[in-house]
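We use all heavy atoms of the structure for the numbers below, so side chains are in, but hydrogens, waters and symmetry mates are not.
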Amino acid sequence: MPTMDYRDSNNEPIPGVTTILQGAEDQSGLVAAANLVGLKGTRIYHLKDRKTGAVREIGEWSRAGDIGTCAHQMIQDHIQGTVFDPSQYPEEVVGLSHAPYGSFLAWREGKRLEGACEVSLTHPEGFGGTIDFIGKSEILDWKTGSDYIWKSPAKLYGQLAAYKYLAEHHGYAVDRVTVVRFPKEGTQAEELTIEPGPKLDAALEMFLSLLKAWKARKIINQKDKK
């Protein structure tokens with residue numbers, strides 16, 4: 001997903017939830033993936049934008065991010081009843097995004113999704129976040145990445161706890177938070193619902209501690225005035 005620009009009340013930049021949680025992530029999955037890409041050789045894709053005609057080179061990981069962004073947009077348009085515009089993305093990316101989108105369509109069959117998509121919020125404690133979907137009493141977070149995310153519960157729980165904390169500050173009632181993974185292979189969706197309890201409480205405590213550490217690092221890394 002693209003990086004969001006979050007600002008506080010003084011228009012100063014503040015970090016997003018996922019930025020704060022980088023310190024909580026088990027890096028083993030990322031290291032393994034990096035090693036695999038290295039062993040295979042870095043593959044470069046030449047993609048032509050259908051709207052501008054511009055050609056750009058991207059690596060495998062960048063392409064995966066583009067697919068996730070495109071699939072998220074497809075999901076958002078479906079829920080909102082708006083028409084998806086494929087010209088925003090390279091043709092190959094659009095084609096590959098249909099698999100996770102198909103996984104979403106199969107998962108959402110029979111479900112009533114009433115709420116708002118892509119809700120960007122900021123908190124006075126100095127962070128922001130964009131929540132994929134907020135319903136009447138539930139937060140939903142879509143994932144299209146590799147299944148290693150399920151093997152990094154600290155980051156996953158931390159993200160959901162932070163979103164709940166953020167949404168509740170803005171008056172949303174959140175009884176539970178759910179993350180749903182729509183595989184890029186188009187296979188069956190994987191769902192995890194987290195009810196309020198000790199794990200979610202611990203995840204929020206971890207997130208707030210990481211936020212405090214992020215602020216401390218920012219102060220330490222500031223260049224001294226001469």
Side-chain angles (χ1 to χ4, degrees), residues 1-26 65 68-69 71-73 75-80 104 107-108 111-145 149-150 152-182 189-219:
M1 295 299 292
T3 302
M4 299 294 293
D5 181 25
Y6 300 109
R7 301 268 170 171
D8 63 16
S9 58
N10 297 316
N11 201 35
E12 292 295 324
I14 54 177
V17 168
T18 53
T19 297
I20 296 301
L21 286 168
Q22 286 176 356
E25 185 173 57
D26 178 1
T69 299
H72 271 71
Q73 187 62 54
I75 291 170
Q76 179 180 346
D77 287 335
H78 174 88
I79 293 173
Q80 294 178 162
F104 160 78
W107 169 84
R108 80 87 77 226
K111 295 181 175 65
R112 296 184 63 183
L113 297 178
E114 298 178 351
C117 295
E118 297 298 312
V119 181
S120 291
L121 304 171
T122 59
H123 197 283
E125 291 187 38
F127 70 94
T130 299
I131 301 170
D132 289 334
F133 183 85
I134 301 181
K136 292 182 178 179
S137 60
E138 181 180 32
I139 284 175
L140 296 174
D141 184 71
W142 321 127
K143 302 292 185 189
T144 59
I149 63 170
W150 303 104
S152 183
K155 183 179 180 182
L156 192 62
Y157 275 70
Q159 182 182 18
L160 298 178
Y163 284 166
K164 181 176 184 292
Y165 186 66
L166 188 55
E168 288 176 337
H169 172 76
H170 286 270
Y172 290 96
V174 182
D175 294 335
R176 63 189 182 278
V177 288
T178 300
V179 58
V180 191
R181 176 177 175 258
F182 305 116
E190 300 171 355
E191 182 177 336
L192 173 65
T193 297
I194 304 172
E195 306 285 349
K199 281 193 174 184
L200 207 56
D201 292 342
L204 178 59
E205 184 177 351
M206 177 197 69
F207 172 80
L208 294 176
S209 295
L210 289 169
L211 175 61
K212 187 175 181 179
W214 187 93
K215 292 178 179 179
R217 284 195 301 271
K218 184 178 179 181
I219 294 172

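- Pairing each heavy atom of D132 with each of L140, the nearest pair is CB-O, 3.5 Å.
- Cation-pi geometry between K111 and W107 is satisfied (NZ or CZ under 6.0 Å from the ring centre, within 45° of the ring normal).
- The CD1 atom of I79 lies 4.5 Å from the CZ atom of F104; values are rounded to the nearest 0.5 Å.
- Judged by distance alone, the side chains of Q159 and K164 never bring a donor and an acceptor atom under 3.5 Å apart.
- Taking the charged nitrogens against the carboxylate oxygens, R7 and D5 do have a contact shorter than 4.0 Å, which makes a salt bridge.
- T193 OG1 to I139 CD1: the interatomic distance, rounded to the nearest 0.5 Å, is 12.5 Å.
- Side-chain contact, Y6 with S120: no donor N or O sits under 3.5 Å from an acceptor N or O.
- Counting all heavy atoms, side chain and backbone alike, W142 lies closest to H72 at O-NE2, 3.3 Å.
- One side chain, E138 or T178, offers a donor N or O that lies under 3.5 Å from an acceptor on the other.
- In this structure the side chain of E168 never reaches within 4.5 angstrom of the side chain of Y172, judged on heavy atoms.
- Atom CZ of residue F127 and atom CD1 of residue I14 lie 8.5 Å apart, to the nearest 0.5 angstrom.
- Of the options L160, L156, L192, a side-chain contact (heavy atoms from CB on, under 4.5 Å) to D141 is made by L160 and by none of the others.
- Side-chain contact check for E190 versus V180: every heavy-atom pair is 4.5 Å or farther apart.
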